[in-house]
Structure formats: C-alpha cells, structure tokens
Amino acid sequence: MVSMAWPIIFVFPPPASVFITAMSAINLTLASAGISEMRGKNMQYSKFWKNSNQPDSQKSKQIYISGKRGMQIAYTPAFLAGLTSLLLFPHNDGIRYLLLSSALTIHFLKRLLEVQFVHKYSGGMALDTAIPISLSYFMSTATMVYAQHLAITQGIPEPPIDLKYPGILLFLVGISGNFYHHYLLSRMRSSSSSSPSTSKSNDDKDYKIPRGGLFELVVCPHYLFEIIGFIGFAFISQTLYAFAYMAGTTFFLTGRSYATRRWYVSKFKHFPHHVKALIPYLL
C-alpha cells in the first residue's frame, strides 16, 4: 500500500517493487563512472577506444569491432524494448506511459539512424565495452517503462505537480540539439571507417577542434543536449527511477565531457581555453 506521506510533490510515490528500488540505487552508481572518466579510466569507445589500464597480456586478448558495429549493438536492444512496450503493452488509458514509451523509442531509433547515416567512424570499440553499454541501455529503458506500468497498475496517485508537458518540450529540445551537433561533428570528419577495426594502431589524425553551434563555447554540446533529453524523460515519467537514471546519466556524461576536453587540450596546441567541457562559461 502506497504511503500517503510521500513528501516529494513532483514525483510518484515509489511502487511496491524491490526490483525498481534496487535499480534506482544501481543507477546512482553511474556517478562513480563519471568520476572514473575524470580520473582517466575511460570507457573504450570514441576518442578513448585505445585507452586501457589493463596489462598488455590482457589487451592482446581483447576483441575489437568497428565503432559503427559497436554502437549498433549498444542501441538496438533498447530500441526494441521501447518498441515492444508500445506494441504489446500499449496502456491506452495511461498518457504518461504512451508518452514515455514513444519518447524512448524515438530516442533510440534516432540514435540508430545516426549510426547508419550521420556518424563517421575512424576507430573501433572493445567488445567488452559494447556489451555492458548495450545491457545498461536495455535494462534502463525496460525498467523505466516497467516503473511507469507499475504506477498505473498499482493505482499510485499522480504527483500534485504535473511535469509531463514541460518534459515533452525538454525531450524535443534535447533530441534536436543533440542531432544538430552530431551533424556538425560528422561534417568535420575527413573519413569514415565502416569495416571492423582489429588493430589499435589508428592515430587521431581524423579529429579536429569542433566548430559551429555551441561548440564555440563547450567541447560536448551533444552531451549537454543529451542530458536535457534525459531530464525530459524524467519529467514525462515523474517516477523515482526515471529521476535516478537521469541523475546517473548526468554524472557520467559530465565526467565524459571533462575527459574529452582534457583530451582536446592534450592533442591540440592552440586549443581555445575559454571553451568549457559541458556548460557554457561554467563547466
């Protein structure tokens, strides 16, 4: 039975589910992943695909795939989870459920289309990086939808403050800004690699200092808009799990942005030091 003393007026009271409670706590551990990124222990994809703190004997045993294939592996299960939630469990009487499932499906469909038609890859990805990312996206998407399902089936009362419509706006701003800056990045890449990368010998010659849009102020505006999109998910859902996932993702992308800026400073002698990592003029 839901407690009537739930103090947070913009979040659903938590459902009677040990699984959702545990997953909410687990998502907050993404904060530690963000700290690891700041400390140089980076997940092996994009610019950091060759970074590893493992001994050479273990590095030689790693399986590397193309960055394009790695991202397809990362995003496809989450897209299918969102699509399945719409087709098999529509909850036509639950507008939040429909909005959340639709937003998640559109988000990962957009990512898959970008992988296929927008992004240009010159590096690879360790398979043992692609699989955890894929599982994380899939579990987070499925759990966010499940938490919304429980809010309906357990008859949990709506929060006094309704954030779903501001959430739609934030989602649209986030997904549009993220796509625009991904497009700017793709235009700057001089070549693409669509075949699997089995060697770690690629250099960084294809990278340039990004220009245009908010790249004039921050290194990772695409991460900034991604965070805005995840805030949109949390506002649409208004479940405790969605806010925990948003917080964990924000911590991780903040750390990743910090590491990316440090990478650019180390690679480019004349990198403009007024350009921040994630938030213009601040961070």
Quick check: does any side chain N or O of [X] sit under 3.5 Å from a backbone N or O of [Y], one acting as donor and the other as acceptor?
X	Y	value
Asn27	Met23	yes
Thr239	Ala147	no
Arg261	Val275	yes
His181	Gly177	yes
Thr260	Arg256	yes

Value rounded to 0.5 Å, distance of [atom1] in [X] from [atom2] in [Y]:
X	Y	atom1	atom2	answer
Tyr281	His274	OH	NE2	8.0 Å
Phe271	Ser266	CZ	OG	10.0 Å
Met144	Met246	CE	CE	10.0 Å
Gln238	Leu100	CD	CG	11.0 Å
Met125	Tyr64	CE	OH	11.5 Å
Ile95	Ile152	CD1	CD1	10.0 Å

Residue pair [X] / [Y]: nearest heavy atoms and the distance that separates them:
X	Y	answer
Tyr137	Ala74	CD1-O, 3.6 Å
Phe12	Ser237	CE1-O, 3.3 Å
Thr105	Leu83	OG1-N, 3.3 Å
Pro13	Pro157	CD-O, 3.9 Å
Phe171	His107	CE1-CB, 4.2 Å
Leu170	Ile228	O-CG2, 3.4 Å

Hey, any chance [X] and [Y] share a hydrophobic cluster, counting ILVMFWY side chains that come within less than 4.5 Å of each other, even indirectly?
X	Y	result
Leu283	Phe251	no
Leu109	Val118	no
Phe252	Ile35	no
Val11	Tyr146	yes

Measure up the Phe179 and Tyr183 rings against each other and bin them: parallel (under 30°), tilted (30 to 60°), perpendicular (over 60°).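 Plane angle under 30°, so parallel.
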Please state whether the rings of Phe268 and Trp263 are parallel, tilted or perpendicular, taking 30° and 60° as the class boundaries.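 Ring orientation of Phe268 relative to Trp263: perpendicular.
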Hey, is CZ on Phe243 packed in by over 12 heavy atoms from elsewhere, all under 6.0 Å?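 Check passes, neighbour count above 12.
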Surrounding CZ of Phe19 (heavy atoms of other residues, nucleotides or ligands, distance under 6.0 Å), is the total greater than 12?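 More than 12 within 6.0 Å, yes.
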With a 4.5 Å limit on heavy-atom distance, are the side chains of [X] and [Y] in contact?
X	Y	answer
Lys110	His182	yes
Ser134	Tyr75	no
Leu278	Leu253	no
Leu224	Asn178	no
Lys276	Leu282	no
Leu150	Thr153	yes
Phe108	Phe138	no
Tyr97	Ser85	yes

Evaluation steps, side chain to side chain contact (heavy atoms under 4.5 Å, CB included), between Phe89 and His149: CA-CA 9 Å; Phe89 311 99; His149 164 79; 5.7 Å; no
ring-ring contact (aromatic ring centres under 6.0 Å, His included) against Phe79, all qualifying residues, sequence neighbours excluded: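 Partners of Phe79 by the ring-ring contact (aromatic ring centres under 6.0 Å, His included) criterion come out as none, since no residue qualifies.
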Between Arg96 and Gln148: side-chain donor-acceptor atoms closer than 3.5 Å: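 Absent: no donor and acceptor within the cut-off.
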Can you check whether Phe233 and Phe230 have ring centres sitting under 6.0 Å from each other?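 Close enough - the centres of the two rings lie under 6.0 Å apart.
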Output a table of donor-acceptor pairs, distance under 3.5 Å, between side-chain atoms of residues 209-219 and any protein atom two or more places apart or on a different chain; print 'none' if there are none.
{"residue": "Glu216", "atom": "OE2", "partner": "Gly212", "partner atom": "N", "Å": "2.7"}

Apply side chain to side chain contact (heavy atoms under 4.5 Å, CB included) to Thr76 and Leu112, showing your working. CA-CA 7 Å; Thr76 300; Leu112 286 170; 3.5 Å; yes
